[in-house]
**Student:** 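Let me begin by handing over the structure; questions about it come next.
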Amino acid sequence: MLTVALFFFANILFCLAYMVRDMAYLRAITILAASSTLPYFYFQASPLYSAMVWQVAFIVINAFNLTALLLQRRPIKLTEQETWLQQTTLRLLKPRKMRRLLRLAETHEIEKGELLIEKGQELNALLLILSGHAQVEINQQQRANLYPGDFAGEMSFISHKLTSADVVAEEPVRYLVWPAHTLERLYLRDPDMKYALQGAIGMDMANKLAR
Ligand SMILES: Nc1ncnc2c1ncn2[C@@H]1O[C@@H]2COP(=O)(O)O[C@H]2[C@H]1O
């Protein structure tokens, strides 16, 4: 009788697992439900070992994926620069995702007067200024200023056209560079990254317009 009640309880748990939206809860409840079916199958007149083996397989698969999920959700300690980017330009990305993105970037540095971007070129990259100040110029006419936290080259990155302006360092500028093909490969593996980064670029453009 107890085993029948446990089997009933297990099936209620399965229903509950299919109702929750959070994948970690779904997997945890499924493990509990599958475990609760084992006594029922075992205490039959002749134990149903094949049913038990399948339930154990479900438990192992869910336990493996639950562990991976919980490891991914562990809080991470950000560096000072990562914290700054998390609170500003890259705030749409969760810390772990942001770190994955930052690891794909190269850091470059140029001196005052050097070109960060030259007008009319195929840049095929997205840049993010970490320190220093640069000026956007078209035909030697100043159009805008770029500061730490600003993207540069985002217009040609999004439009796939040639660069629209010269960007000249007004002081030593340190910046990150993501080659376009690196980001495209990342987007294939992680489509959410694409939406988050496009959102960040949209916010960056709105900030520049509001200046
Ligand atoms: N009006 C503007 N305001 C701010 N930034 C600009 C402006 N025009 C061009 N830029 C920047 O200069 C960059 C030149 O290369 P892109 O066109 O790829 O991307 C451009 C932007 O990052």
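This structure is a prediction, so every number in the text was calculated from the model and none was measured. Both ligands and their constituent atoms are indexed starting at 1 by order of listing.
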**Student:** State the atoms of ligand 1, each with its element, that fall below the 4.0 Å cut-off from a heavy-atom position in Ala152.
**Tutor:** 22 (O)

**Student:** Side chain or backbone, does Glu154 bring an N or O within less than 3.5 Å of an N or O on ligand 1?
**Tutor:** yes

**Student:** When you measure from atom 15 (O) of ligand 1 to each heavy atom in Asp166, Asn207, Thr163, Leu123, which option holds the nearest one?
**Tutor:** Thr163

**Student:** Counting only N and O atoms by type, is there a donor-acceptor contact under 3.5 Å from the side chain of Ser131 to the main-chain atoms of Val173?
**Tutor:** no

**Student:** Say you draw a straight line from CG of Leu6 to CG of Leu38; how long is it, rounded to the nearest 0.5 Å?
**Tutor:** 9.0 Å

**Student:** Please work out which of the three classes, parallel, tilted or perpendicular, describes the rings of Tyr40 and Phe7, given edges at 30° and 60°.
**Tutor:** parallel

**Student:** From atom 4 (C) of ligand 1, work out which of Ala134, Ala144, Gly120, Ala165 has a heavy atom at the shortest distance.
**Tutor:** Ala144

**Student:** Counting heavy atoms only, which part of Ser156 comes closer than 4.0 Å to ligand 1: side chain, backbone, both or neither?
**Tutor:** both

**Student:** Look only at the side chain of Trp178 and the backbone of Leu101, and say whether a donor-acceptor pair between them is shorter than 3.5 Å.
**Tutor:** yes

**Student:** I'd like to know if Asp22 and Arg73 make a salt bridge, using a cut-off of under 4.0 Å between side-chain N and carboxylate O.
**Tutor:** yes

**Student:** Indicate whether any N or O donor in one side chain lies under 3.5 Å from an N or O acceptor in the other, for His133 and Asn145.
**Tutor:** yes

**Student:** Counting only heavy atoms, which portion of Arg143 has something under 4.0 Å from ligand 1: side chain, backbone, both, or neither?
**Tutor:** neither

**Student:** Can you tell me the protein heavy atom closest to atom 20 (C) of ligand 1 and the distance?
**Tutor:** Met155 SD, 3.6 Å

**Student:** Identify which of Val167, Ile201, Leu162, Asn124 has a heavy atom lying nearest to atom 13 (C) of ligand 1.
**Tutor:** Val167

**Student:** Looking at every heavy atom in both Ala165 and Ile138, which two are closest together, and how far apart are they?
**Tutor:** CB-CG1, 3.6 Å

**Student:** Please list the nearest protein heavy atom to atom 7 (C) of ligand 1 with its residue and the distance rounded to 0.1 Å.
**Tutor:** Val136 CG1, 3.9 Å

**Student:** Only heavy atoms of Ser164, strictly under 4.0 Å: list the atoms of ligand 1 that pass.
**Tutor:** 9 (C), 14 (C), 15 (O), 16 (P), 17 (O), 20 (C)

